[in-house]
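Residue numbers start at 1 and run along the sequence shown. The model shown is predicted, which means the values in this text are computed figures rather than measured ones.
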Amino acid sequence: MAGHIISIIGGKGGVGKSVFAANLAFAYAEEVKAKIMLFDFDQQAAGDLSLITGIKSKKNLKELSDFQGVIDPKTFPTFVSLQGNVSFVSMPAEKLLAESVSIEGMGKTLKTITNLYPITIIDVGSELNPLALKALEYSTLIFLVTTPDILAVSQGRRINQELITSLFPKDMVQVILNNYEKGHPVTPELVSKNLGKPIFTLINKDEKTCVDALNKSQVIMNVAKGSLYAKAVTECVRKLIQKNVLKTLEALVKPNDASSKKSTEASNSDGEKKSSHQPWIDLKSRIHKTLVDEMDMKANNDNDPRAKLILREQTKKMVVELLNKEDVKGIINSREDLNQIVKEILDEALALGPLEDLLADKECSEIMVCGPYKIFYEKSGKVKKSDITFTNDRQVLNVIERIVAPIGRRIDEKTPYVDARLANGSRVHAIIPPSAIDGCTITIRKFPENRITYKDLVKFGSMTQEMADFLRIAVEGKRNIVVSGGTGSGKTTLINVLAGFIPSNERIITCEDSAELSLPQDHIVRLETRPPSLDGQGAIDIRCLVKQTLRMRPDRILVGECRGGETLDMLQAMGTGHDGSMTTVHSNNPRECIGRLETLVQYAGTALSPKSIREMIASSVHIIVQQSRLEDGSRKVTHITELGGMQGDVVTLQDIFLFKQEGFDNKGKIKGKHQSSGFIPKFIESLERKGYNIPMGIFKN
């Protein structure tokens, strides 16, 4: 039968928690006639427990935490020192060693210690540091030691509140009132009222006995069994045993028949999922509604990180208090469930709800919300459905409003769609009812935390080193480049990489609907469109921004994507002295890209003939780089193509590099290789005349 861990904590130093911990261990050993384990986890008062017990530990906690072997009945005795039936491992006396105790290593020990001892007592100190929290995580009972002193009670209340907001069950924490004196103005009733908990045990003040025992480096239970102090500690142990407290708390914290909500859902069908998940959603809805009624969530719009942290802590405290008033039987079955529901409520109230975990997942590249109960995400090029959901459609709308508010955009029934961006640069598109029939829809395109370079694309197999070298030459040689590709093919990533080749002494101006380009250069001007105001005035579109760039002395103009009449202005800029400019276009191959550009120019409303437009394209655009997302989810540069002028009414295209697909491997991945066509671009000769040294080997396979 597994044992139990009892942790002893104090609100501040000097309340006698270490003396109590040591004597509790010896009192337990006497009562149950079995070996008891005593640990010193107090990093601030390192070594105090050794002085109190008089036990010289063979090895210390640092050595135990660094042990790489298996903790079992054969290996563990080599670390402990024995006095009677009490085994002891001390904290290193040196502070640096005490602070370097491995949290993970002690977690491994605590996981198995209950199989070796029926009772383990841990003195965790007076602060909830990582080592203390690790001990409490494995504990069945927490004794909070305080004294009839206003400061001690105040600090005890602080620790108790921290434990509650750290999601430890209220009943798990029991109060020990040490140094109790009859007639003292700070009565047990006053202490109990301040802490919000009843007193579990009163320990009478017995200063002479405590001092004598400490002078002898002996525990009171060994040198003064008949003292008031020893009797009170013994009474505490008997109360624990007779009332079966540890067994009751074990059922509270770790119920034997509890199963995780998530694992239950995973084994059910979609219909069963909804019904089993409904009480959870209903509970969240009730808490969230009360939370909105009682707290001012608008403070979350503050950009001060410290203010946001304070608001989150205040909200967490309120959520825990509200949950304590609810009947959660059958809904919250474990501390893990409590942790999860508090996190979900906080995320929905203050952050982006269930999207927070997906946004934190570095492998997730795209998030697609189709109403409150369907969330999809992309990983490794494959789209999967998430188990997490929103509480209701109102919560999805709250998230959208939380995204668009900081950047001055709006979404409502009059304008039910919006383009926006997150603080980390991720692109967001949202559309709401009445345009979205099944509920609010969000699409988030995530970008890597670390900027992708051409070396990464070569490593991923998106292009070869020769292709990267050629594109660098083209960018440095001020060729006008159009990156072509379908939705989600990686156009923005590729134009970011190409723009990274621009020399740092050149002035770059970017124009985008929502700022996504992230360039390493210093001299950059970033422009972004603006939607109309509530009265329909003040809209600024891409075309307007492109026109403004021409007056801003640009060396390079980068347009995030050409979707309309701005294409004409971009082509004119490329053809009239702003060489080396770049943009992206939606199309599936270089030939189709020419047709797409022609169509977009016509959106400008000019009366240009199709042939005139094609001539403008042929003279302005030098290279088309085709980026494609293949059937297996991989993204590759499939064409690098030079525009060679006009032949009759047709723009001539010459492929320089191509990707040749050769089938699939046994894992369903596309096989193929990039090849050079052997054609040497016309602009290479002009660059060589200017003094560029261009290795011709890049055009050979």
Is a side-chain N or O of Q626 found less than 3.5 angstrom from the main chain of S587, in a donor-acceptor match?
-> yes
Report yes if the side chains of M106 and L61 come closer than 4.5 Å at any heavy-atom pair, otherwise no.
-> yes
Nearest-0.5 Å distance that lies between atom OG1 in T638 and atom CD in Q627 | 7.5 Å
Salt bridge between E528 and R421, side-chain N to carboxylate O under 4.0 Å?
-> yes
Side-chain ion pair, K111 and E137, N-O less than 4.0 Å | no
With no hydrogens and no angle check, is any side-chain donor or acceptor of E566 less than 3.5 Å from a backbone partner on G564?
-> yes
Nearest 0.5 Å please: distance from the CD1 atom of I388 over to the CG atom of D357.
-> 6.0 Å
Shortest non-hydrogen contact from A135 toward V124 | CB-CG1, 3.7 Å
Closest heavy-atom pair and its distance - I670, D632 | N-OD2, 2.9 Å
Does any N or O in the side chain of S65 come within less than 3.5 Å of the main-chain N or O of S102, such that one atom is a donor and the other an acceptor?
-> yes
Take atom NZ of K379 as the centre, draw a 6.0 Å sphere, and report whether it contains more than 12 heavy atoms from other residues, nucleotides or ligands.
-> yes
Residue pair L358 / I444, side-chain heavy-atom distance below 4.5 Å | no
Using modelled atom types only, decide if a donor and an acceptor are shared between the side chain of S462 and the backbone of V637 within a distance under 3.5 Å.
-> no
Of all the heavy-atom pairs spanning S484 and N588, show the shortest one and how long it is.
-> OG-N, 4.5 Å
With distance as the sole criterion, is a donor-acceptor pair present between the side chains of E250 and T140 under 3.5 Å?
-> no
Minimal heavy-atom distance between V497 and I452, with the atoms involved, is CG2-O, 3.5 Å
Return yes if a side-chain donor-acceptor contact under 3.5 Å exists between Q161 and R158, otherwise no.
-> no
Taking atom types as modelled, is there a side-chain donor on R402 or N398 under 3.5 Å from an acceptor on the other?
-> no
Within 6.0 angstrom of K374 NZ, more than 12 heavy atoms from elsewhere | no
Between L128 and A132, the two heavy atoms sitting closest are CA-CB, 4.2 Å
If you round to the nearest 0.5 Å, how far is CG of L558 from CD1 of I495?
-> 5.0 Å
Could you walk me through whether S139 and M172 pass side-chain contact (heavy atoms from CB on, under 4.5 Å), step by step?
-> CA-CA 9 Å; S139 298; M172 186 178 176; 4.0 Å; yes
Mark yes or no for whether T583, through its side chain, and V559, through its backbone, hold a donor-acceptor pair below 3.5 Å.
-> yes
Minimum heavy-atom distance V396-G371, with the two atoms named | CG2-C, 4.4 Å
Do the non-hydrogen side-chain atoms of I375 and L355 ever get within less than 4.5 Å of each other?
-> yes
Expected output: side-chain N496 to main-chain S518 donor-acceptor under 3.5 Å | yes
Steps toward side-chain contact (heavy atoms from CB on, under 4.5 Å) verdict (K317, E313) = CA-CA 6 Å; K317 179 181 175 182; E313 285 304 312; over 6 Å; no
Among K446, R445, R427, salt bridge (Lys or Arg N to Asp or Glu O under 4.0 Å) partner for E366 = R445
For residues K669 and S634, determine if any side-chain heavy atom of one lies less than 4.5 Å from a side-chain heavy atom of the other.
-> no
Is a side-chain N or O of K636 found less than 3.5 angstrom from the main chain of L630, in a donor-acceptor match?
-> no
Donor-acceptor pair between Q521 and S504 side chains, under 3.5 angstrom = no
K197 and D171: CA distance, side-chain angles, deciding distance, salt bridge (Lys or Arg N to Asp or Glu O under 4.0 Å) verdict = CA-CA 9 Å; K197 300 184 71 65; D171 292 343; 5.0 Å; no
OG of S365 to CZ of R635: how many Å apart, nearest 0.5 Å?
-> 5.5 Å
Between D42 and D123, is there a donor-acceptor pair closer than 3.5 Å when you use the side chain of the first and the backbone of the second?
-> no
Would you find more than 12 non-hydrogen atoms of other residues, nucleotides or ligands less than 6.0 Å from D438 atom CG?
-> no
When rounded to the nearest 0.5 Å, the distance separating CG of L494 from CE of M582 is 9.5 Å
Report the C-alpha separation of L519 and T510 in whole Å, then their side-chain angles, then the decisive distance to 0.1 Å, and conclude whether the side-chain contact (heavy atoms from CB on, under 4.5 Å) test is met.
-> CA-CA 10 Å; L519 310 183; T510 68; 4.2 Å; yes
Taking everything shown except D522 itself, do over 12 heavy atoms lie less than 6.0 Å from its CG?
-> no
For the atom pair CD (Q43) and OG (S126), what is the distance rounded to the nearest 0.5 Å?
-> 12.0 Å
So, do V369 and F390 sit near enough that their side-chain heavy atoms are less than 4.5 Å apart?
-> yes
Residues, nucleotides or ligands: over 12 heavy atoms within 6.0 Å of Y417 OH = no
Verdict with supporting geometry, T109 and F39, side-chain contact (heavy atoms from CB on, under 4.5 Å) | CA-CA 11 Å; T109 300; F39 278 123; 4.2 Å; yes
Taking the side chain as every heavy atom from C-beta outward, state whether M463 and V458 have any atom pair closer than 4.5 Å.
-> yes
Answer whether the closest heavy-atom distance between the side chains of L163 and L136 falls below 4.5 Å.
-> yes
